[in-house]
Colleague: 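My questions will all concern the structure given below.
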Amino acid sequence: MFFQLPGATRVEVASLFAVIAAPALAGFGVAATLLLLSPEVMADKSWAVFALNIVKLCYLGTAAAQLGRWIAEQTDGGPGNPGWWRGDHDDLPAPPARADATAAWAPFPNALDASLLAVALTTLANRLG
């Protein structure tokens, strides 16, 4: 059965990879490196629990970055709008008009969806570990 996301017109596979797979791969890579270089960091935990704790940190970082992106897009720093970092006396052309509010919700995951998805994956990693 096909599930349609409300308001989304397309699914961005690269964004999904960046939110779901990349933090997990990075977390397992960091955990493996730490265990190879310093096995005593594991203490009395199993390898899987130690790796899930590192993955959890990677998902939290992803959630924070995506939330920051969403805040920047909602303020004057949105796509195509240099906004608040632009000085009054810069010799730059005028910023283009902001896209309408529905344009931000066209792709899935957008910044807010990605942040909430990363928080959900953090919770899942916490439950598994």
Side-chain angles (χ1 to χ4, degrees):
M1 186 167 133
F2 180 70
F3 176 72
Q4 185 175 1
L5 299 165
T9 59
R10 67 184 183 279
V11 175
E12 292 187 351
V13 177
S15 294
L16 278 175
F17 176 80
V19 172
I20 297 172
L25 292 173
F28 284 121
V30 168
T33 303
L34 282 172
L35 290 176
L36 287 174
L37 295 177
S38 181
E40 64 271 3
V41 298
M42 206 166 68
D44 56 353
K45 297 178 187 173
S46 70
W47 185 89
V49 171
F50 179 75
L52 279 174
N53 285 336
I54 303 293
V55 168
K56 186 174 22 174
L57 287 175
C58 291
Y59 279 132
L60 281 175
T62 301
Q66 294 293 334
L67 184 60
R69 179 178 147 214
W70 180 76
I71 290 170
E73 287 177 356
Q74 298 305 311
T75 58
D76 277 343
N81 188 358
W84 54 269
W85 58 82
R86 190 181 154 167
D88 291 337
H89 304 291
D90 287 346
D91 292 332
L92 297 173
R98 286 180 66 86
D100 63 346
T102 58
W105 297 99
F108 176 81
N110 58 50
L112 189 58
D113 291 337
S115 179
L116 294 174
L117 183 59
V119 168
L121 291 169
T122 303
T123 305
L124 178 65
N126 191 39
R127 291 288 181 181
L128 292 174

Colleague: I need the minimum non-hydrogen distance between Ser115 and Leu67, along with the two atoms involved.
Modeller: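 Residues Ser115 and Leu67, closest heavy atoms: OG-CB, 3.7 Å.
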
Colleague: Is there a side-chain contact (heavy atoms from CB on, under 4.5 Å) between Val49 and Ser46 once you walk through the steps?
Modeller: CA-CA 5 Å; Val49 171; Ser46 70; 3.3 Å; yes

Colleague: How many angstroms lie between CG in Leu117 and CG in Leu16, if you round to the nearest 0.5 Å?
Modeller: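 Interatomic distance, Leu117 CG to Leu16 CG, rounded to 0.5 Å: 7.0 Å.
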
Colleague: Look at the side-chain heavy atoms of Ile, Leu, Val, Met, Phe, Trp and Tyr, link any pair under 4.5 Å apart, and say whether Leu60 and Leu121 land in one connected group.
Modeller: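 Different clusters: Leu60 never reaches Leu121 through Ile, Leu, Val, Met, Phe, Trp or Tyr contacts under 4.5 Å.
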
Colleague: Could you grab the distance from atom CZ of Arg127 to atom CG of Leu52, nearest 0.5 Å is fine?
Modeller: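 Rounded to the nearest 0.5 Å, the CZ-CG separation comes to 14.0 Å.
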
Colleague: Out of curiosity, Phe50 CZ to Leu35 CG, how far, rounded to the nearest 0.5 Å?
Modeller: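 The CG atom of Leu35 is 5.0 Å from CZ of Phe50, to the nearest 0.5 Å.
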
Colleague: Can a donor-acceptor pair be found, under 3.5 Å and without considering hydrogens, that links the side chain of Tyr59 to the backbone of Thr123?
Modeller: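 Not at all, since once roles are kept as given, no pair shorter than 3.5 Å links the two residues.
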
Colleague: At their closest point, which heavy atom of Pro23 faces which heavy atom of Cys58, and how far apart are they?
Modeller: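 For Pro23 versus Cys58, the nearest heavy atoms are O-CB, 3.5 Å.
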
Colleague: Rounded to the nearest 0.5 Å, how far does OG1 of Thr33 lie from CG of Leu37?
Modeller: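 Those atoms lie 6.5 Å apart.
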
Colleague: Does Ser38 use its side chain to pair, donor to acceptor, with the backbone of Leu34 at less than 3.5 Å?
Modeller: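 The answer is no, because no donor-acceptor pair under 3.5 Å joins these two groups.
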
Colleague: Minimum heavy-atom separation for Val55 to Ala24, with atom names?
Modeller: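 Closest heavy-atom pair between Val55 and Ala24: CG2-O, 3.8 Å.
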
Colleague: Assess whether side-chain contact (heavy atoms from CB on, under 4.5 Å) is satisfied between Lys45 and Asn53, documenting all intermediate values.
Modeller: CA-CA 11 Å; Lys45 297 178 187 173; Asn53 285 336; 3.5 Å; yes

Colleague: Quick one: are Val19 and Asp113 in side-chain contact, heavy atoms under 4.5 Å?
Modeller: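 SC-SC contact between Val19 and Asp113 ruled out.
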
Colleague: Going by side chain to side chain contact (heavy atoms under 4.5 Å, CB included), Leu124 matches just one of Thr122, Asn126, Leu128. Which one?
Modeller: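 Testing each of Thr122, Asn126, Leu128 against Leu124, the sole residue satisfying side chain to side chain contact (heavy atoms under 4.5 Å, CB included) is Leu128.
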
Colleague: Evaluate the side-chain proximity of Ile54 to Phe28: yes if any heavy-atom separation is below 4.5 Å, no if none is.
Modeller: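 A side-chain contact is absent here, since even the closest heavy-atom pair is not under 4.5 Å.
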
Colleague: For a quick test of reading the model, state the closest non-hydrogen atom pair linking Asn110 to Leu112 and the distance between them.
Modeller: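 It is OD1-N, 3.1 Å.
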
